[in-house]
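Report on one structure; see the data block that follows.
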Amino acid sequence: MFAPQGPTLRELAVQALSSVERGYDLLAPKFDRTPFRTPDAVLTPVSRALHELGPFDSGLDLCCGTGAGMGVLRQVCRERVTGVDISAGMLAAGRAREGEPAAAPRVEWVRADARALPFGPVFDLAVSFGAFGHFLPRERPELFAQVHSVLRPGGRFVFPIAAPARPGSWGYWTLLAFDAAMRVRNALWHPSFVMYYRTFRLADVRAELTRAGFDVELHALPELGRRPDGSPRCRVVVATRAR
């Protein structure tokens, strides 16, 4: 799962016993050599979907980490690309990996909490990859309201969402065990480290986006295959600011 240059078991343990912000600060130098970085196998089909929706002038990568999604935004945004993350370490790693910035679009890296975004309605597109497990279900309405507030009317909030693992499958038991371990860890150790990926359910998320003022559509990502029942293994959620 980890490249030889990735974090050691001890480093992962120290990260897991830290807060979310401090943990990612520690992991940042080696983050791109872990399976936690969103793989190109997901980024590429989402990029294809965005090309069909765009182009866009300005884009926001919510919880951008070291910038895997920033590369997607650079392909579809003409003027401005902004990455927001709470971890200064992840932002520093993203800036260092970027190297010499291109003339266009303009690239910005901003340290901020996604639940209190420091922008007005200046973006045409917002994306996020693999970050929603760091927000408790009760926090999502405010998170979605924040995204709504920084999009221009008609702006899009786009993110991939995988189909839930089939009950009884290896993936199902793996996620169940991981979530259980995180709950035990947070009951016994402070500060908490929020990472609960089984709580991000499509039906709930769709209803919450609608209440936040979005019109919601779902598009299959055929590159990622289908389940035995024929349904997509992964969809992209396209939430359009309706008001």
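We number each residue from 1, following the sequence as shown.
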Report the distance from atom CG of L117 to atom CG of L62, rounding to the nearest 0.5 Å.
6.0 Å

With a 4.5 Å cut-off on side-chain heavy atoms, are V46 and T38 touching?
no

Between D85 and S87, a side-chain donor and acceptor under 3.5 Å
no

Quick check against the 3.5 Å criterion: does T174 have a side-chain atom that pairs as donor or acceptor with the backbone of W170?
yes

Shared hydrophobic cluster for I161 and Y196 (ILVMFWY, side-chain gaps under 4.5 Å)
no

Roughly how far, to the nearest 0.5 Å, is the CG atom of L125 from the CG atom of L53?
8.5 Å

Can you tell if the side chain of Y24 reaches within under 4.5 Å of the side chain of F36, non-hydrogen atoms only?
no

Looking at P164, is its backbone amide N or carbonyl O close enough to the side chain of Y172 to form a donor-acceptor pair, meaning the two atoms are under 3.5 Å apart?
no

How are the rings of F157 and F132 set to each other: parallel, tilted or perpendicular (split at 30° and 60°)?
perpendicular

R115 side chain vs E139 backbone, donor-acceptor pair below 3.5 Å
no

Ignoring hydrogens, what is the shortest heavy-atom contact between A93 and A28? Give both atom names and the distance.
CB-O, 3.9 Å

Once you round to the nearest 0.5 Å, how far does SG of C63 lie from CG of L143?
7.0 Å

Do R48 and L221 come within less than 4.5 Å of each other through their side chains, counting heavy atoms only?
yes

If you group Ile, Leu, Val, Met, Phe, Trp and Tyr by side-chain heavy-atom gaps below 4.5 Å, do V127 and V205 land in one group?
no

Judged by atom type as modelled, is there a donor-acceptor pair below 3.5 Å linking the side chain of R198 to the main-chain atoms of D179?
no

In the structure I gave you, are the side-chain heavy atoms of P160 and L43 within less than 4.5 Å of one another anywhere?
no

Checking V238, V72, V76 against V158 for side-chain contact (heavy atoms from CB on, under 4.5 Å), the one that qualifies is V238

Roughly how far apart are D204 CG and L202 CG, rounded to 0.5 Å?
9.0 Å

Any idea which heavy atoms bring M90 and D25 closest together, and the distance?
N-OD1, 4.4 Å

Residue pair R80 / P105: nearest heavy atoms and the distance that separates them
N-CB, 3.7 Å

Test item: R235 side-chain N/O and A220 main-chain N/O as donor-acceptor pair under 3.5 Å:
no

Check whether T44 reaches the backbone of D40 with its side chain - one donor and one acceptor, N or O, closer than 3.5 Å.
yes

Is any NZ, NE, NH1 or NH2 atom of the basic residue among E21 and R111 found under 4.0 Å from an Asp or Glu carboxylate oxygen of the other?
yes

Validation row: L136, T199 side chains within 4.5 angstrom (heavy atoms)
no

Identify the heavy atoms of L151 and D124 that sit nearest to each other, and give their distance.
CD2-C, 4.0 Å

Counting only N and O atoms by type, is there a donor-acceptor contact under 3.5 Å from the side chain of R241 to the main-chain atoms of R152?
no

Please report the interatomic distance CG(D61) to OG(S128), rounded to the nearest 0.5 Å.
6.5 Å

Count I, L, V, M, F, W, Y as connected when their side-chain heavy atoms are under 4.5 Å apart, and connections chain through other members. Are I86 and V84 then in the same cluster?
no

Does a donor on one side chain sit under 3.5 Å from an acceptor on the other, for E142 and Q146?
yes

Please confirm whether the backbone N or O of F193 pairs with a side-chain atom of N186, one donor and one acceptor, at under 3.5 Å?
yes

Once you round to the nearest 0.5 Å, how far does CG of L26 lie from CD of Q15?
7.5 Å

So, does R140 use its side chain to make a donor-acceptor pair with the main chain of F144 at under 3.5 Å?
no

Got S58 and V122 here, is their nearest side-chain heavy-atom distance under 4.5 Å?
no

